[in-house]
Structure formats: C-alpha cells, structure tokens
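Here the structure comes first, spelled out in structure tokens, and everything after it is commentary.
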Amino acid sequence: DLVCRATPFTRSLKCFLTDEHSARLKGAGLISALPLIERALGGRKMTGKTESADRAAELRQRALAIVQNSSSLTKGGVEALSSEENWQMLHELRVHQIELEMQNEELRRAQLELEASRNRYFELYDLAPVGYFSVCETTGRILQANLAAATLLDMARGELINQPVTRFILRDDQDTYYQHRRRLMSTDEIQWCDLRMLKHDGTPFWAQMSATTATEADGTPVLRIMLNDISERKRVEAERLLLDQALQHKNLELEDARR
C-alpha cells in the first residue's frame with residue numbers, strides 16, 4: 001500500500017524494498033527515512049488538496065538545496081548500491097523526507113496561529129463587557145450571542161439561538177427598532193438608537209443598540225448588533241428632568257408672587 005501511494009519514484013521503490021536492499025539502506029544511514037515517509041504519506045494526501053503548486057515547488061527547491069548541502073547523503077555512503085537507479089531513488093527519498101519535515105513544521109506553525117486567533121476571539125467577543133448579537137438579516141433570528149448578551153437578557157446563551165430578536169424588544173419600542181433597521185439597510189452605515197428591551201422574565205430595561213451590516217463566511221447577510229445597558233443613565237436623566245420641571249414650577253410661582 002505504501003508503494004502504491006508513493007511519488008514518482010514508485011517503480012524504483014517497489015523493486016528496491018527487499019530484505020537485501022533494506023540492509024543496504026541501513027548501511028547507508030537512510031533506513032530511518034522510510035518510517036517517516038510511511039507516517040507522513042497520509043498527511044501529504046490531506047494537505048495536497050489545499051497546497052498550491054507554487055508552494056509545493058518552493059518546498060521541493062528548499063529540500064533539494066538541503067540535500068545538496070548535506071554530508072549525510074554522499075556517493076561514499078551508498079557504495080553498496082550499484083545502480084544509478086537506486087542512487088536516484090535514495091536521492092528522492094531524502095528530498096521527500098525533507099519536504100515532509102518542512103510541511104509538518106508549517107502545519108505546526110499554522111496550528112499555533114489558529115489557537116492564538118481563537119484565544120483572541122474568545123477574549124474580544126465572549127469576554128466583552130457589552131452584549132453582541134449576530135442576527136440573520138432575512139429572518140431576524142439570533143445566530144450568535146456572547147456571554148454579556150445572555151446575561152443582559154437573563155437567559156442561557158444556547159437558548160438565545162434562533163430566537164427572533166424582536167421577542168426581547170418592548171412592544172411600544174418595536175417601531176423604534178424597525179426604523180433603526182431601515183436606516184441601517186438603506187445607508188450601510190453604523191446606526192444607533194435607545195430602546196427598551198425585555199429580560200427573559202419580562203422585566204424591561206433601557207438599552208443602547210448599535211448595529212452594522214456584515215456577511216457570514218457562507219454568504220448569509222447578518223446584522224452585527226451591540227447592546228449596552230443604559231438603565232442607570234436613563235434613571236438619572238429622568239430624575240434630572242423632574243428636577244428641572246420642579247425648578248421651572250417654583251420660578252413661575254415666584255414670578256406670580258412678585259406681581
């Protein structure tokens with residue numbers, strides 16, 4: 001099975017991997033390359049679909065350069081091999097081994113970068129102090145939500161998925177949301193609005209909503225919504241309004257008393 005999946009030197013390798021020639025490879029110090037190739041053939045099959053031809057050519061040129069500068073593969077080390085075909089096969093084995101080592105190193109680096117990216121995403125999205133939603137533009141249903149959004153609505157994050165976002169908006173403020181959405185769709189610019197939303201048990205609270213449009217990897221158009229609880233700010237504004245009204249009333253009373 002190994003021979004059937006090998007690269008252009010398959011025919012040479014097939015006739016070469018006998019007990020006698022394996023012993024000669026061992027004497028040449030290259031038998032250790034065979035397990036490497038056997039283990040890596042599956043990985044090569046897996047990565048070959050995504051690796052560009054230019055990248056493969058570059059790896060091969062780098063591998064060839066290493067082989068040419070290496071002292072471990074010389075004519076003197078393989079004197080037991082009599083034919084030029086076997087020498088070429090050994091050369092290909094060494095080049096292929098180095099190619100696989102380079103690919104493994106690049107895969108390892110890509111894996112580390114992916115893990116770092118996931119960690120950054122978790123910190124920026126899941127641990128953000130404000131609520132984030134991704135809402136399907138066509139259905140109006142929640143596709144994603146972070147921990148802060150789930151806390152704001154007093155629901156488990158998984159329970160928010162596929163819920164219509166309007167379910168959590170006070171009926172009297174539904175029109176505010178639709179106007180906000182209409183402005184967003186017509187301008188493609190970030191939009192802001194203040195509206196009252198509902199927790200899972202029906203308790204209302206004031207939220208500032210900002211939204212922008214985006215497209216998911218699968219082509220789904222979505223709204224990226226950020227929610228911030230502004231209940232305390234609204235409470236202070238209401239108290240200030242009452243104080244201003246009371247002050248105006250007192251001023252009118254003073255003016256009437258002076259007349």
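Everything quoted here is computed from the prediction, not taken from an experiment.
- Annotation: side chain of Y177 is in contact with side chain of M209 (closest heavy-atom distance under 4.5 Å).
- Side-chain contact of H249 with E253: a donor-acceptor pair under 3.5 Å is present, judged by distance alone.
- F168 and L143 fall into different hydrophobic clusters, where Ile, Leu, Val, Met, Phe, Trp and Tyr are joined by side-chain heavy atoms under 4.5 Å apart, directly or via other members.
- Grouping the Ile, Leu, Val, Met, Phe, Trp and Tyr side chains by contacts below 4.5 angstrom, directly or via other members, places W206 apart from L198.
- Both Y178 and M197 belong to a common hydrophobic cluster when Ile, Leu, Val, Met, Phe, Trp and Tyr are linked at side-chain heavy-atom distances under 4.5 angstrom.
- Rounded to the nearest 0.5 angstrom, T166 OG1 and I142 CD1 are separated by 9.0 Å.
- The shortest non-hydrogen separation linking R233 to D194 is NH2-OD2, 2.8 Å.
- Using a 4.5 Å heavy-atom cutoff, the side chains of Q97 and L100 are not in contact.
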>> Apply side chain to side chain contact (heavy atoms under 4.5 Å, CB included) to residues R224 and S134 and explain how you reach the verdict.
In response: CA-CA 5 Å; R224 304 287 193 207; S134 290; 2.5 Å; yes

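- The main-chain N or O of L152 is found under 3.5 Å from a side-chain atom of K199 such that the two form a donor-acceptor pair.
- Residues T213 and L184 form a side-chain contact, since some pair of their non-hydrogen atoms from C-beta on lies under 4.5 Å apart.
- Taking the side chain as every heavy atom from C-beta outward, H180 and I225 never approach each other to under 4.5 Å.
- Looking only at side-chain heavy atoms (C-beta outward), W192 and R183 stay at 4.5 Å or farther from each other.
- Counting only distance, with no hydrogens or angles, the side chain of D229 and the backbone of G131 share no donor-acceptor pair below 3.5 Å.
- The structure places CD of E101 at 11.0 Å from CD of Q103, a figure rounded to the nearest 0.5 Å.
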> Please walk me through it: do H200 and R167 pass side chain to side chain contact (heavy atoms under 4.5 Å, CB included)?
Replying inline: CA-CA 10 Å; H200 180 56; R167 170 189 168 183; 3.6 Å; yes

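- The closest side-chain heavy-atom distance from L223 to M185 is below 4.5 Å.
- By the 4.0 Å N-to-carboxylate-O rule, E105 lies close enough to R108 to be salt-bridged with it.
- When E216, E137, Q144 are each tested for a side chain to side chain contact (heavy atoms under 4.5 Å, CB included) with V222, only one passes: E216.
- N251 and E255 are not linked by any side-chain donor-acceptor pair at a separation below 3.5 angstrom, with hydrogens and angles left out of the test.
- If you take CD on E237 and CG on D244, they are separated by 11.5 Å, rounding to the nearest 0.5 Å.
- The line from CD1 of I190 to OG1 of T212 is 6.0 Å long, rounded to the nearest 0.5 Å.
- Contact detail for A207 and L227: the closest heavy-atom pair is CB-CD2, 4.3 Å.
- In this structure, D154 CG and E159 CD are separated by 10.0 Å, a value rounded to the nearest 0.5 Å.
- Closest non-hydrogen pair, A128 versus A148, comes out as O-CB, 3.5 Å.
- Rounding to the nearest 0.5 angstrom, the gap separating the CD1 atom in I230 from the CG atom in L195 is 8.5 Å.
- When all heavy atoms of A150 and A156 are compared, the closest pair comes out as CB-C, 4.3 Å.
- Contact check for F205 versus L153: side-chain heavy atoms found under the 4.5 Å cut-off.
- Within the 4.5 Å cutoff, the side chain of Q245 has heavy atoms near those of the L242 side chain.
- Taking all atoms of both residues into account, the shortest heavy-atom contact from R157 to A145 is CD-O, 2.6 Å.
- Taking the charged nitrogens against the carboxylate oxygens, R235 and E232 do have a contact shorter than 4.0 Å, which makes a salt bridge.
- The two residues L160 and F133 come nearest to each other via the heavy atoms CD1-CE2, 4.2 Å.
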